Amino acid sequence: MLLSCVQQMRTGITRNTQEQWNSLSLFYDLEERETWGKKIDFLLSVIGFAVDLANVWRFPYLCYKNGGGAFLIPYILFLVIAGMPLFYMELALGQYNREGAATVWKICPVFKGEFSLSLLSLYSISFLTSASSPTSHLLKKDPLPTSYAKYKMTPAAEFYERGVLHLHESRGIQDLGMPRWELVLCLVAVVFLLYFSLWKGVKSSGKVVYITATMPYVVLFVLLIRGITLPGAMDGIRAYLHIDFKQLNDPKVWIDAATQIFYSLGAGFGVLIAFASYNKFDNNCYRDAILTSTVNCVTSFFSGFAIFSVLGYMAYKHGVRIEDVATEGAGLVFIIYPEAISTLPGSTFWAIVFFIMLLTLGIDSSMGGMEAVITGLSDDFKILKRNRKLFTFATAFGTFLVALFCITNGGIYVLTLLDNYAAGTSILFAVLIEAIGVSWFYGVDRFSEDIERMMGFKPGLYWRLCWKFVSPTFLLVRHPGGKKGLVGDIFLKVVRLHVRSTVSPRID
């Protein structure tokens, strides 16, 4: 009995000493690393990054074409078993290690190189394969819908395609042409706005999001109130919410749901890790993960009402069906929706409000992406951290140079290429590798102990099972459609594109 007491005391002393040492080490690290000015700065930054253009121009249309309300079944399922657990994992990973996405892999050094290499390799395969076959994919398909209805050309479509993009001056992705000077000026303004939002770190960016993260909600609410008062709005909303359970037999519905979850939440980009690394060590990132991921998904669903109420009005006004006006991407936000706004009283005001919303949605996402790069490289190379302002300028300038390709005469082809191939495959693969690295190589038990040191409690059994088994496995196994898993389907898609590119004739 006495021996047992002595052993327990020795264990307790050792454990307390270790915890004190960890706390002391983390205290000094806390002193060296800046933190968010207020908790709300972090929450708005995460929400602003996650709530982007995809919430407005992609989710409503995906929901409509994939069975309406039935699409919410796979969407919520993947949110619960994969999206939210990985969202929580990234926040906890960044907050505990207090480093960006590159150096955080000191917990498992092999993944610092393998993670980036695998991600870039898979992305390059998809990009080069699609780029090598412009005649089979991009040149045979107009990247934009021409109007609100088939076989009709409208002033809004003509102005956007010929007046803004000058798409008629490009023969395809092989003939990009020079950047449009008007768009260059707009790009310069955006890049300068990004630079001055990020040059002082989270102290400056945390204040910018008070406007950029809240403005879209105000505008969406105003547009919804205006939209539901229009004739035909209820028809559009009913089309948005219609339920077709037969669509769930199509494997593409499940792939769209999984891809949209990761595309929307932003897991795999390194942004959540970077943002969380500036939190206080004892911040409750579990509550933050639940709150912000839920807000993001609710925003996607809510935006559909604002979009489809106006699409219903367009269908009513022009005497066409909803499917003739329902679309996604640039065609929705730059042609169809502005055309609807132009028919309203006070159209100039509504147009300004709508495009301010698009600008703020894009600014938030761009800030997050640039911060991930700046934080990741600054933590790896201390000289960059000491010259934060100069490095931020170099990153912004590099972003400007790359973005020039998207504002040429054929820039919409580049945008379409990136939108179709740069997101889905790379994100799904990135989160798969991340889950395996943390759960199997570093270990769920060790990771849970790290979280306990921060918040005083371990993650529940559900989260540990999702991290170790459910989240990685659902990408690989068969889904209810009875077809191949997501990864298998993606690789088959790449192979088909490669075969198509080798047999399709070249059109000069």
Side-chain angles (χ1 to χ4, degrees), residues 53-84 141 145 148-150 220 224 227-228 230-265 294 296-329 331-333 336-337 340 419-420 423-424 428 474-475 477-486 488-490 492-493:
L53 290 170
N55 296 73
V56 175
W57 79 15
R58 178 176 281 115
F59 176 85
Y61 179 72
L62 287 180
C63 185
Y64 163 75
K65 79 169 186 176
N66 289 320
F71 179 73
L72 297 178
I73 295 176
Y75 184 77
I76 294 175
L77 174 64
F78 291 144
L79 168 66
V80 173
I81 70 173
M84 199 173 287
K141 180 181 178 182
Y148 61 84
K150 298 176 182 177
L220 275 177
L224 174 61
I228 60 178
L230 299 173
M234 290 300 107
D235 294 334
I237 292 177
R238 276 193 293 267
Y240 173 55
L241 297 178
H242 80 285
I243 298 177
D244 183 6
F245 289 108
K246 293 181 180 179
Q247 290 276 10
L248 298 181
N249 292 324
D250 185 357
K252 191 177 184 304
V253 174
W254 297 81
I255 295 173
D256 285 344
T259 303
Q260 177 63 21
I261 279 293
F262 294 116
Y263 191 92
S264 182
L265 290 180
T294 301
N296 173 73
C297 294
V298 170
T299 303
S300 297
F301 183 67
F302 174 75
S303 67
F305 291 92
I307 295 298
F308 271 85
S309 62
V310 173
L311 293 184
Y313 163 70
M314 286 291 289
Y316 170 84
K317 183 176 179 62
H318 296 285
V320 298
R321 298 172 300 176
I322 297 293
E323 52 263 35
D324 292 327
V325 299
T327 186
E328 63 177 330
L332 172 63
V333 297
I336 296 178
Y337 209 93
D419 187 48
N420 288 340
L428 293 177
F474 99 104
L475 292 170
V477 300
R478 295 176 182 269
H479 48 74
K483 303 293 183 180
K484 294 179 178 61
L486 297 178
D489 190 90
I490 289 168
L492 282 178
K493 182 178 179 181

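The model shown is predicted, which means the values in this text are computed figures rather than measured ones.
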**OP:** Report the residues that fulfil side chain to side chain contact (heavy atoms under 4.5 Å, CB included) with V298, sequence neighbours left out, ordered by chain and then residue number.
**Re:** T294
Original post:
If you draw a 6.0 Å radius around NZ in K317, do more than 12 non-hydrogen atoms from other residues or ligands fall strictly inside?
Top reply: no
**OP:** Show your reasoning for whether side-chain contact (heavy atoms from CB on, under 4.5 Å) applies to L332 and Y61.
**Re:** CA-CA 10 Å; L332 172 63; Y61 179 72; 5.9 Å; no
Original post:
So how far is it from S300 OG to L72 CG, rounded to the nearest 0.5 Å?
Top reply: 10.5 Å
**OP:** Mind checking side-chain hydrogen bond (donor to acceptor under 3.5 Å, both in side chains) for D235 and listing every partner two or more places apart, or none if nothing turns up?
**Re:** R238
Taking distance alone, no hydrogens or angles, what donor-acceptor pairs closer than 3.5 Å link side-chain atoms of residues 304-316 to residues at least two apart or in another chain?
{"from": "S309", "atom 1": "OG", "to": "F305", "atom 2": "O", "distance (Å)": "2.9"}
{"from": "S309", "atom 1": "OG", "to": "A306", "atom 2": "O", "distance (Å)": "3.1"}
{"from": "Y313", "atom 1": "OH", "to": "T343", "atom 2": "OG1", "distance (Å)": "2.8"}

**OP:** Hey, could you give me each pair passing salt bridge (Lys or Arg N to Asp or Glu O under 4.0 Å) that has a residue in residues 66-76? Not counting sequence neighbours.
**Re:** none
Subject >> Interatomic spacing from CG in D244 to OH in Y64 - rounded to 0.5 Å >> reply: 11.0 Å
Original post:
Looking at S264 and N296, what are the two nearest heavy atoms and their distance?
Top reply: OG-ND2, 2.9 Å
**OP:** Determine which pairs satisfy side-chain hydrogen bond (donor to acceptor under 3.5 Å, both in side chains) with at least one residue from residues 66-76, sequence neighbours left out, and list them in order.
**Re:** N66-D256
Original post:
Taking all non-hydrogen atoms of both residues, which atom of C63 and which atom of F71 are closest, and how far apart?
Top reply: CA-CD2, 3.6 Å
**OP:** Dump the intermediate steps for side-chain contact (heavy atoms from CB on, under 4.5 Å) on V253 and K65, then the final yes or no.
**Re:** CA-CA 9 Å; V253 174; K65 79 169 186 176; over 6 Å; no
**OP:** For side-chain contact (heavy atoms from CB on, under 4.5 Å), just list the numbers for W254 and L248, CA-CA rounded to whole Å, side-chain angles, deciding distance to a tenth of an Å, and then say yes or no.
**Re:** CA-CA 7 Å; W254 297 81; L248 298 181; 4.3 Å; yes
Subject >> Atom of A233, atom of I228 and distance for their closest heavy-atom approach >> reply: CB-CA, 3.9 Å
Original post:
Mind checking what makes side-chain hydrogen bond (donor to acceptor under 3.5 Å, both in side chains) contact with S303, not counting sequence neighbours?
Top reply: none
**OP:** Applying side-chain contact (heavy atoms from CB on, under 4.5 Å), run through I73 and L77 and close with a yes or a no.
**Re:** CA-CA 6 Å; I73 295 176; L77 174 64; 5.6 Å; no
Subject >> Non-neighbouring partners of L53 that pass side chain to side chain contact (heavy atoms under 4.5 Å, CB included), sequence neighbours left out >> reply: W57, L358, L361
